[in-house]
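Below, chains carry the letters A, B, ... as their sequence lines are ordered, and counting in each starts from 1.
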Amino acid sequence: MKPEYRFRDIEAKWQKKWEEAGTFASREVEGAPRYYCLEMFPYPSGRIHMGHVRNYSIGDVIARFKKMKGFNVLHPIGWDALGLPAENAAIKHGVHPHQWTMENIDYMRSQLKKMGFSYDWSREISTCDPGYYRWNQWIFLQLYKRGLAYRKKSWVNWCPQCQTVLANEQVISGCCWRCDAQAEQKEMEQWFLKITAYAEELLSGHEKLVKWPEHVLIMQKNWIGKSEGTTVSFPVVDREEVIDVFTTRVDTIYGATFLALAPDHPLTLKLLERSPQKDRLVKWVKDQIAQRSLHREEPEERKEGIDTGQRAVNPYNGEEIPIWIVNYVLMDYGTGAIMAVPAHDARDFEFARQYNLEIREVIVPSGFAEREESELETAFEEYGVLVNSGPFSGLESRRAIEEMTKLAEEKGFGHRSILYRLRDWGISRQRYWGTPIPIVYCQRCGVVGVPEEELPVVLPSDVEFKGLEGSPLEKVASFTNTTCPQCGGPARRETDTMDTFFDSSWYYFRYCSPHESSQPFNPQLGAYWMPVDLYIGGVEHAILHLIYARFFCKVLRDLGLTKEDEPFPHLLAQGMVTKDGAAMSKSRGNVVDPDEMIQKYGADTLRLFILFAAPPEKEFAWNEKGIEGCFRFLNRLWTYFIDHLDIFEEKTASSTSTAPSSDSGRRLKTKVHQTIKKVTEDIEQRYHLNTAISAIMELFNLLKKEGETLKKNPEGRALLRETMESILLLLNPFAPHLGEELWAMTGHRAMLAETPWPKFDPQWAEEEKVTIVVQVNGKLRDKLEMAKDSEDRLVREEALKLPKIQKYLQGQTPKKVIYIPNKLVNIVL
RNA sequence: GCCGGGGUGGCGGAAUUGGUAGACGCAAAGGACUUAAAAUCCUUUGGAAGCCGCGCUUCCGUGUGGGUUCGAGUCCCACCCUCGGCACCA
């Protein structure tokens, strides 16, 4: 009776062996190059999903491959364990967030172990551990000391029914996601991190990220949104005040027919004071503010505005133009005020038409002298030549921008300026399950940071979760009532917790010394492991997480903890896992559970399939039949080995040194070395794991074919043994359990995981003979077998001699014969 | 609207620098084994036409239409479809 492929037993057996032997524990050893392979750590939502399986399978192939290549590999895992779902579970099911999270972590850890991932479990971290979030607090205090963390009033979404702040994602078409009440805008004190201080460096740092996918860099670039332009001051007529506007198109300023302020601009109410219709207009402004950001979900919002009756002076030509308050100008970008140039801005154009305001053309396309006085159908937003612009008429836009800005600087009514779309990062959350912000409010001393030696500020565990009112922490008197660290007087503790993106912004440093207790991480160990050599994760984090993490790395650098400017020089953005044309989701009911697949086919099959069916960066469409194909492949492999175990019992001489005497042997040996080359390059350079796997399949197919004759003599049997060993070595990163089992069954003592990656012999990896394609007028007509690197003239002659080619020539002399060495001959008639 | 990715057999995909389109796998069809089925193994498989005929020949074929080139899935221009990101950012 032949042993079956009992994958459940095999997988459990080797997982245990790896754990007992500490095979994947990373060490900081001299003499070997280091490699830090990191996958985005999961949120412990309950169970792992196929996206995790894919992400972590890709990482595991790289980690195991690098280990076999002789690197000291750091391949850690942990838990992004703080966050809203835990608190919602508490509200819904009455489980404490801590308990809920811990149970999820325990289950998901067991799932990851069942997948056989080569993690160094001794470095496992969890962000809800006070030993971790204490360093969130420490970092926050350093930021606070440097003015990079500050408090500011800002507008937030507020549900009047639930008495709590809502995140943007929790406002569904203007209403609270939980109680459906109309959400309001409320101004609250919030903590912010000054990421804008690093805007320029976050942008220029992209130049170092040559190994990031282009589209991720573009998304970040757009998010940071740098624009260069001019700030111009418009004095208000008969008043002290001056209105600053920012524009990238100062060349259009002679076409500015009004100024437009955001409803929440600080000058708005002042300007309305003298208006006869003051009450009505002020009410309009307040309504606009209250509704603001609710229509961010509805882009087709109608433009509205009111005339303040006040006027401002265009400093370039002294013209007085009206000042309007409009709903399409945003207070939190630029100065909150714009010069409106209807002829050359689509939004101003739309607004001016609606309110019958003047549309004055000052730019014409270059090549047109001056346009006929005709109705403009749309705003002309491109660069062109200035007209009706006083001394600047006739200049080209770009030139005009330069000169006009220069003039403003000379006369003192304006200057060059750079603006970023990037906003400071609001990190306050009125939630329990997050890191407490380490701040105390003292009646005498004001805002006081908790002293470092008192950290961590630990989350109280005795808290009620009713989900009805604001932060649960506000109701815990033992937490909020405290004493001022400066004066010892009575004080109130900050009850806001941190956005969980804070936690994930530096966790990759923590892995370098996860048990460090006197600082966030040990700088020497950080210097040893950082930067991360390969960071793998979903593209959905292209902006938020990856910008925050880059920001934190720079902050930690400025704090002297690291020398790295960029934490992740190489990013692999993996594609989504879909089924039936849509992302897997519970609501769609198209979720495939990894547990079921492990149970049915085993972890090796699941890993192999999820890597085989598509390259990592592309979308992966789940298909039940596909996984069966991979299962069959592993079964065929297993059976073949079992049937040929006797080959490994013989003590035949190794065939590595000599060339096989048969054609079969030469074909197989060539294929072995070609496959080693291809698999190595596919993993190392292209990360195209799907083609690496298919190359291994091809080799196995040829082994089966050629093996029939080869196994009849000792020389052939030695080659078969060598081939089979190569297959196990090459397959190890993909299907490590099966590999280890067969490796042991074929008499190897050392673990496969600890065995060096095979090397290819370039002589064998190259064909001795090449097939040369023969084309006539670019069409394939015949093929020619030639020795590699045959002489030019010889190949051309042979090609022309071919009977099929003769037929096409019909005695003509070719106009031209093109020869691409070892590839093709093209005969042009 | 702006920015970006993608469109290749019945399906997932391969073709790495402009040089044999369809590797590998799935599905399908036929055959072997079997009392039978499953499993397994073998063969065939882009489309069309032809041929004294079981293998070869010819033509067509990588979203559409043009272009560059001896040669284009790959480069250029225009368009269509699709997926993602941003969305009053001055």
Side-chain angles (χ1 to χ4, degrees), chain A residues 213-223 225-227 229 245-249 252 260 262 295-297 299-301 303 326-330 332-341 344-348 350-351 381 419-423 539-540 542-543 575-576 578 581 608-609 612-615 617-630 632-633 635-636 639 678 681-682 685-686 688 690-701 704 771-783 804 807 814-820 822-829:
Chain A
E214 191 65 33
H215 69 280
V216 174
L217 291 176
I218 288 167
M219 277 160 75
Q220 288 206 351
K221 237 165 240 171
N222 293 341
W223 187 262
K226 179 179 182 173
S227 52
V245 305
F246 173 82
T247 176
T248 54
R249 291 299 302 274
T252 65
H295 359 114
R296 294 218 163 159
E297 307 230 325
E300 291 307 308
E301 183 66 16
K303 291 186 177 26
V326 304
N327 66 349
Y328 70 93
V329 170
L330 306 173
D332 53 0
Y333 183 74
T335 60
I338 62 160
M339 63 174 206
V341 185
H344 304 294
D345 180 285
R347 296 153 300 180
D348 299 340
E350 186 192 331
F351 187 80
E381 294 185 304
L419 228 55
Y420 299 90
R421 209 188 74 110
L422 185 72
R423 309 283 150 83
V539 73
E540 66 273 18
I543 297 174
M576 265 199 313
T578 62
L608 193 69
F609 175 56
F612 174 64
E617 70 278 6
K618 275 206 171 178
E619 187 180 282
F620 175 95
W622 183 268
N623 171 326
E624 185 77 31
K625 292 284 190 214
I627 194 170
E628 279 175 21
C630 288
R632 279 202 290 263
F633 170 70
N635 269 290
R636 276 198 297 271
T639 311
K678 175 156 177 66
E681 288 173 358
D682 278 355
Q685 294 165 22
R686 299 205 306 155
H688 277 201
N690 54 329
T691 51
I693 294 168
S694 68
I696 299 169
M697 288 175 168
E698 278 183 62
L699 174 60
F700 178 59
N701 290 345
K704 282 204 295 180
T771 307
I772 291 168
V773 169
V774 185
Q775 299 181 330
V776 177
N777 286 337
K779 285 192 175 164
L780 173 71
R781 295 303 177 191
D782 206 355
K783 289 170 192 178
K804 281 183 195 164
K807 203 176 79 190
K815 276 191 201 140
K816 209 169 166 188
V817 178
I818 292 153
Y819 175 55
I820 308 293
N822 298 321
K823 285 216 163 142
L824 112 177
V825 175
N826 188 11
I827 297 158
V828 186
L829 290 179

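A distance of 5.5 Å separates CH2 in A:Trp223 from CD1 in A:Ile543, rounded to the nearest 0.5 Å. Atoms CE and CZ, from A:Met339 and A:Arg249 in turn, are 9.0 Å apart once rounded to the nearest 0.5 Å. Taking CG of A:Leu608 as the reference point, atom CG of A:Asn690 lies at 11.0 Å (rounded to 0.5 Å). Considering CG of A:Asn701 and CD1 of A:Ile696, their distance stands at 12.0 Å, rounded to 0.5 Å. Residue A:Ser694 holds its OG atom at 6.5 Å from NZ of A:Lys678, rounded to the nearest 0.5 Å.
Between the CG atom of A:Asp332 and the P atom of B:rA90 there is a distance of 13 Å, rounded to whole Å. Rounded to whole angstrom, the span from the CD1 atom of A:Ile543 across to the C1' atom of B:rC3 amounts to 11 Å. Look at CD on A:Gln775: it is 6 Å from C1' on B:rG71, rounded to the nearest Å. With rounding to whole Å, A:Leu780 atom CG is found 16 Å from B:rG71 atom P. Between A:Asp782 atom CG and B:rC56 atom C1' there is a gap of 12 Å when expressed in whole angstrom units. The distance from atom CZ of A:Arg636 to atom C1' of B:rU40 is 10 Å, rounded to the nearest whole Å. Taking atom CD of A:Glu617 as the reference point, atom P of B:rG84 lies 18 Å away to the nearest angstrom. Atoms CG (A:Asn635) and P (B:rU40) sit 8 Å apart, rounded to a whole Å.
Taking the nucleotide of RNA chain B with the nearest heavy atom to each of A:Thr247 and A:Phe612, the more 5' of the two is matched to A:Phe612. Residue-to-nucleotide proximity on RNA chain B shows that, of A:Thr691 and A:Cys630, the 5′-proximal contact is made by A:Thr691.
Base-pair partner of B:rG65: B:rC77 (Watson-Crick or G-U wobble, both distances under 3.5 Å). When both distances must be under 3.5 Å, the Watson-Crick or G-U wobble mate of B:rG1 is B:rC86. For B:rU43, the paired base is B:rA29 (Watson-Crick or G-U wobble, both distances below 3.5 Å). In this entry B:rC56 has B:rG50 as its Watson-Crick or G-U wobble partner, both defining distances falling under 3.5 Å. The partner of B:rA21 is absent, by the rule that a Watson-Crick or G-U pair needs both atom distances under 3.5 Å.
No N or O donor and acceptor, one from the side chain of A:Lys221 and one from the base of B:rC3, sit under 3.5 Å apart.
A close approach under 4.0 Å does not occur between any side-chain nitrogen or oxygen of A:Thr335 and OP1 or OP2 of B:rA90. For A:Lys783 and B:rU20, the shortest distance from a side-chain N or O to OP1 or OP2 is not below 4.0 Å. Put simply, A:Arg421 has no side-chain N or O that comes within less than 4.0 Å of OP1 or OP2 on B:rA90. Side-chain N/O atoms of A:Asn690 include one lying less than 4.0 angstrom from OP1 or OP2 on B:rA14. Of the side-chain N and O atoms in A:Arg686, one or more sit less than 4.0 angstrom from OP1 or OP2 of B:rA15. Between A:Arg632 and the phosphate of B:rC26, there is a side-chain N or O to OP1/OP2 separation shorter than 4.0 Å. The phosphate of B:rG25 (OP1 or OP2) has a side-chain N or O of A:Asn701 nearer than 4.0 angstrom.
Among the atoms of the strands shown, none is found under 4.0 Å from any heavy atom of A:Asp345.
In plain terms, the two heavy atoms of A:Asn222 and A:Arg421 that are nearest each other are O-NE, 3.3 Å.
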Contact list (N/O, under 3.5 angstrom) for nucleotides 60-62 of chain B vs protein:
residue : atom : partner  : partner atom : Å
B:rC60  : OP2  : A:Lys779 : NZ           : 3.4

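Figure legend: cation-pi geometry between A:Lys303 and A:Tyr328, with NZ or CZ positioned under 6.0 Å from the six-membered ring centre and within 45° of its axis.
By the rule that a glycosidic angle within 90° of 0 means syn, B:rG9 counts as syn.
Aromatic ring centres of A:Phe633 and A:Phe609 lie farther apart than the 6.0 Å criterion allows.
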